[in-house]
Amino acid sequence: MKFRSAISKVERSRELIEKITKAVKNNPPYTYWLGRNLKTGESFTYSKCDEDVLDKIVIHCGDVFHNLRSALDHAYFEAVSPEIEDESKHDSIQFPFAKDSTSLESAIKTRHAHKVSHDFYKAIESLKPFNGKDGNTLLYLIHKINIIDKHRSPTPVGDFTKISSSQIRRQVPDFPLGLNIGVSQTTKDVVWYNDQYNFRKKGFKKIPPDIAQTQKRLNVQVDLIFNISEPQYRAKVVHTLNDMAKEVERTLNVMEDAL
């Protein structure tokens, strides 16, 4: 079977993605809360981050990126190395990436794809593994984030932008109208006052017990997303990882078909 080790890397990635999916669903790292001050009449919303849960997800994400990048390199090496007799050049046999479309040809030739065949060279070129408007963003991100992960793991963030006032008012009737929540994680995100509200309504608990403040977790989904500036990319973590795995599988098929 062609690309056996590469396929194993993708399969391992899918196992890790399943773990991430379950973690995000069963124990989301970001949650949204309502607080009340019984003395002042102040109400406020805020977010919480379970850093222990998030750290585990970050580690799993880093492992996914590494396995997918390795899958590309393993398959590429298997395809190209038989054509390179000089073993001193084998270290340069890695799946090619370019910073933009103008440098793609040079990047592919530096990685010796043209020595396999013209069809193989054109197959790699067709995958557009470069940064930029016309490039393959998912493939390039695998390469770019894997480099970042060698120094610091990419950290997913909570997407609070989809939380609206109408959504919160279904659970908190006195929440101000017409607001959209921005990126939170502040001590108090939205603050308002309502002396008439029954702060001792069922569902609140005092924290800590010596002060007149209550908190209650709201039933609001906070999506976990990657928000990357270069290349510019913003999407849900699980969707991104699944799409990356599919793209790597497609890439392996393209390379195999060209041999």
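Atom set for the values below is all heavy atoms of this structure, side chains included, hydrogens, waters and symmetry mates excluded. Counting from 1, the numbers follow the sequence of the chain as shown. From a predicted model like this one, the values you see are computed outputs, not experimental measurements.
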> Is any side-chain heavy atom of Leu139 less than 4.5 Å from a side-chain heavy atom of His143?
Replying inline: no
> Do you know the tightest heavy-atom contact between Phe120 and Ala113?
Replying inline: CD2-O, 3.6 Å
Distance-only criterion, 3.5 Å: show the donor-acceptor pairs between side-chain atoms of residues 121-130 and protein atoms not counting sequence neighbours.
from	atom 1	to	atom 2	distance (Å)
Lys122	NZ	Glu125	OE1	2.6
Ser126	OG	Ala123	O	2.6

>> Please confirm whether the ring centroid of His90 lies under 6.0 Å from the ring centroid of Phe77.
In response: yes
>> For a side chain to side chain contact (heavy atoms under 4.5 Å, CB included) check, start with the C-alpha distance between Ser47 and Thr31, then their side-chain angles and the critical distance, and finish with the verdict.
In response: CA-CA 6 Å; Ser47 68; Thr31 51; over 6 Å; no
> Which pair of heavy atoms, one from Ser165 and one from Leu177, lies closest together, and at what distance?
Replying inline: OG-C, 3.7 Å
> Do Ser103 and Asp100 meet the criterion of a side-chain donor-acceptor pair at a distance under 3.5 Å?
Replying inline: yes
> Is the CG atom of Asn219 crowded by more than 12 outside heavy atoms at less than 6.0 Å?
Replying inline: no
>> Under the criterion salt bridge (Lys or Arg N to Asp or Glu O under 4.0 Å), I'd like the reasoning laid out for Arg69 against Asp73: C-alpha separation, chi angles, the key distance, then a yes or no.
In response: CA-CA 6 Å; Arg69 181 67 173 93; Asp73 285 340; 2.5 Å; yes
> Between the side chains of Tyr233 and Asn227, is a donor N or O closer than 3.5 angstrom to an acceptor N or O?
Replying inline: no
>> Show, in sequence, the C-alpha distance, side-chain angles and deciding distance for Ile228 and Ile145, and conclude whether the side chain to side chain contact (heavy atoms under 4.5 Å, CB included) test is met.
In response: CA-CA 9 Å; Ile228 301 167; Ile145 296 177; 3.5 Å; yes
>> Between Arg4 and Glu78, does any side-chain N to carboxylate O distance fall below 4.0 Å?
In response: no
>> Pair Arg234, Asp159 - check salt bridge (Lys or Arg N to Asp or Glu O under 4.0 Å), show working.
In response: CA-CA 10 Å; Arg234 181 184 177 91; Asp159 184 8; 3.0 Å; yes
> Closest approach of Pro156 and Val237, non-hydrogen atoms and distance?
Replying inline: CB-CG2, 3.5 Å
> Are a donor atom and an acceptor atom from the side chains of Ser117 and Asp119 found within less than 3.5 Å of each other?
Replying inline: no
> Side chains of Tyr76 and Ser81: is there a donor and an acceptor less than 3.5 Å apart?
Replying inline: no
> Taking NZ, NE, NH1 and NH2 as the nitrogens, is one of them in Arg169 or Asp174 under 4.0 Å from a carboxylate oxygen of the other?
Replying inline: no
>> What's the separation between atom OG in Ser106 and atom NZ in Lys99, rounded to the nearest 0.5 Å?
In response: 10.0 Å
> So, do Tyr30 and Leu54 sit near enough that their side-chain heavy atoms are less than 4.5 Å apart?
Replying inline: yes
> Cut-off 3.5 Å, side chains only: do Asn67 and Glu11 have a donor facing an acceptor?
Replying inline: no
> Is there a donor in the side chain of Arg36 and an acceptor in the side chain of Ser43, or the other way round, less than 3.5 Å apart?
Replying inline: yes
> Does Lys48 count as lying over the ring of Trp33, i.e. NZ or CZ under 6.0 Å from the six-ring centre, within 45 degrees of the axis?
Replying inline: yes
> Shortest non-hydrogen contact from Ala245 to Ile17?
Replying inline: CB-CD1, 4.2 Å
> If we ignore angles and hydrogens, is there a donor and acceptor under 3.5 Å between the side chains of Thr45 and Tyr32?
Replying inline: yes
> Yes or no on side chain to side chain contact (heavy atoms under 4.5 Å, CB included) for Ile20 and Val24, after CA distance, side-chain angles and deciding distance?
Replying inline: CA-CA 6 Å; Ile20 295 169; Val24 171; 4.1 Å; yes
> Under 3.5 Å, is there a donor-acceptor pair between the Tyr46 and Gln215 side chains?
Replying inline: yes
> Are the charged groups of Arg250 and Glu247 less than 4.0 angstrom apart, N to O?
Replying inline: yes
> Can you name the nearest heavy-atom pair linking Gln221 to Asp223, along with the distance?
Replying inline: NE2-OD1, 2.6 Å
>> What verdict does the side chain to side chain contact (heavy atoms under 4.5 Å, CB included) test give for Arg111 and Val80, after you've listed the backbone C-alpha separation in whole Å, the side-chain angles of each residue and the deciding distance to 0.1 Å?
In response: CA-CA 9 Å; Arg111 302 304 185 187; Val80 177; over 6 Å; no
>> Between Lys89 and Glu83, is the salt bridge (Lys or Arg N to Asp or Glu O under 4.0 Å) condition met? List the steps.
In response: CA-CA 11 Å; Lys89 295 182 178 180; Glu83 308 302 325; over 6 Å; no
>> Taking the basic N atoms (NZ, or NE/NH1/NH2) and the acidic carboxylate oxygens, is any pair closer than 4.0 Å for Lys109 and Glu105?
In response: yes
>> Using 30° and 60° as the class boundaries, would you call the ring planes of Trp192 and Phe175 parallel, tilted or perpendicular?
In response: perpendicular
